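Here's the structure, in structure tokens; my notes come after.
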Protein chains: 2
Amino acid sequence: MENIISKYKDKGIRLTPQRIAILKFLEGNTDHPAAEDIYRKVRRRYPTISFATVYNTLQTLTEKGDLLEITIDPTRRHYDPNTTPHHHIVCTDCNEIMDVFVDYSDVLTLPSHVLREFKPVGNHVDFYGVCRKCQKKKGGEN
Amino acid sequence: MENIISKYKDKGIRLTPQRIAILKFLEGNTDHPAAEDIYRKVRRRYPTISFATVYNTLQTLTEKGDLLEITIDPTRRHYDPNTTPHHHIVCTDCNEIMDVFVDYSDVLTLPSHVLREFKPVGNHVDFYGVCRKCQKKKGGEN
DNA sequence: CTCTTATATTAGAATTATTCTAATATAGGG
DNA sequence: CCCTATATTAGAATAATTCTAATATAAGAG
């Protein structure tokens with residue numbers, strides 16, 4: 001936590017108690033929370049926190065490059081404090097998301113006619129699968 | 001168009017004029033339209049069509065496996081009538097989406113600890129880049 | 001060709017995620 | 001300890017999608 005504070009002291013972002021709570025919740029979190037998950041958790045300690053604060057903070061962190069927005073669930077944005085390049089596998093049944101730490105950048109090459117139209121700046125692989133819990137659930141349905 | 005009709009005759013989906021109009025709009029379309037794009041277009045010929053009809057039809061087609069939902073723009077779902085496995089590159093500036101027809105399945109392997117938790121069923125690569133139009137626009141900003 | 005009914009369409013309301021607003025509060029440098 | 005630029009807040013606004021329940025119709029049966 002001290003590290004969080006020192007990390008942001010200079011970046012021109014004010015460390016309010018609400019922001020510190022959000023940062024603490026996010027730090028090391030691998031659950032890929034949505035804004036509402038963060039709101040629910042932080043509200044336990046700061047009952048008057050508003051969604052605007054949560055969204056503002058998430059946007060600020062994203063702009064500073066300390067948070068990634070994950071667009072893999074069509075119903076809501078998820079956030080990932082791990083900003084090292086990595087990928088995700090989502091359960092097609094329950095939408096659980098797991099990290100995939102493999103660097104595919106060498107093999108994800110683009111054909112020249114695409115490169116003629118786009119200057120690539122990054123990539124992200126969405127894997128789809130069925131998690132163990134849902135495999136069991138489905139097996140039981142037969 | 002005859003092909004569309006015969007294609008759906010048996011599938012247990014009724015061919016209403018609205019659905020035919022949606023199918024015709026989608027057939028061969030590579031623009032990755034959102035529901036609203038489809039609604040606007042079809043409304044020109046069927047001014048009373050409702051969003052419910054558009055969404056219902058898109059869902060039906062998706063369930064029949066004849067349409068793909070693309071989750072790459074956090075603000076809305078896009079649809080792709082090309083159901084052969086392929087990928088997309090999105091402009092980070094204007095959100096234009098272009099198809100990428102490359103089969104990466106051989107190289108997109110997953111580590112064993114992921115395979116222990118998930119049974120993979122597919123994958124999709126999101127490439128991010130800047131399209132030519134926006135490159136020019138940005139160049140002009142300096 | 002007409003009847004029948006299961007299925008589709010419709011207008012509009014409801015829901016849900018996200019953004020906006022404008023009034024109030026406060027972090028943190030001086 | 002002040003000052004003020006920035007943050008927080010409640011609540012309204014917006015926008016995509018889903019729901020509802022009344023009405024219409026595709027298409028198979030006769």
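Just so you know, these numbers come straight off a predicted model, no measurement behind them. We use all heavy atoms of the structure for the numbers below, so side chains are in, but hydrogens, waters and symmetry mates are not.
Residue A/Asn56 contributes atom CG, which lies 19 Å from atom P of D/dA5 at whole-angstrom precision. With rounding to whole Å, A/Ile49 atom CD1 is found 17 Å from C/dA25 atom P. Whole-Å rounding puts the B/Arg77 CZ to D/dA15 P distance at 18 Å. As a whole-Å value, the separation of A/Tyr55 OH from D/dA13 C1' is 14 Å. In this structure, the CD atom of A/Gln59 is 14 Å from the C1' atom of D/dA7, given to the nearest Å. Taking atom CZ of residue A/Arg43 and atom C1' of nucleotide D/dT9, one finds them 14 Å apart after rounding to whole Å. To the nearest angstrom, P of C/dG12 lies 11 Å from OH of B/Tyr39. Here the P atom of nucleotide D/dA5 and the CZ atom of A/Arg14 are 9 Å apart, to the nearest Å.
Nearest nucleotide to the A/Ala52 side chain, out of C/dT10, C/dA8, C/dC20: C/dC20. The side chain of A/Arg76 approaches C/dA17 more closely than any other nucleotide in the set C/dA17, C/dA11, C/dA8. Here D/dT9 is the nucleotide among C/dA17, D/dT8, D/dT9 with the atom lying nearest to any side-chain atom of A/Ser50. Closest approach to the B/Thr48 side chain among C/dT10, C/dG28, D/dA26 is made by C/dT10 (side chain taken as heavy atoms from C-beta onward).
Considering only side-chain N and O atoms, B/Gln18 lies under 4.0 angstrom from the phosphate OP1 or OP2 of C/dT10. Phosphate contact (OP1/OP2 of D/dA7, side-chain N/O of A/Thr53, threshold under 4.0 Å): absent. Residue A/Thr16 has no polar side-chain atom (N or O) positioned under 4.0 Å from OP1 or OP2 of C/dA27.
Toward the 5' end of DNA chain D, the nearer of the two residues B/His78 and B/Pro17, judged by each one's closest nucleotide, is B/His78.
Rounding to the nearest 0.5 Å gives a distance of 12.0 Å between CZ of B/Phe25 and CG of B/Leu23.
One cannot find a donor-acceptor pair under 3.5 Å joining the base of D/dA7 and the side-chain atoms of A/Arg19.
B/His88 and B/His78 share no side-chain donor-acceptor pair at under 3.5 Å. Side-chain contact of B/His87 with B/Asp99: a donor-acceptor pair under 3.5 Å is absent, judged by distance alone.
In the hydrophobic cluster analysis, where Ile, Leu, Val, Met, Phe, Trp and Tyr join through side-chain heavy atoms closer than 4.5 angstrom, B/Val121 is grouped apart from B/Val125.
Under a cut-off of 6.0 angstrom, the local environment of NZ in B/Lys64 is crowded, with over 12 non-hydrogen atoms contributed by other residues, nucleotides or ligands.
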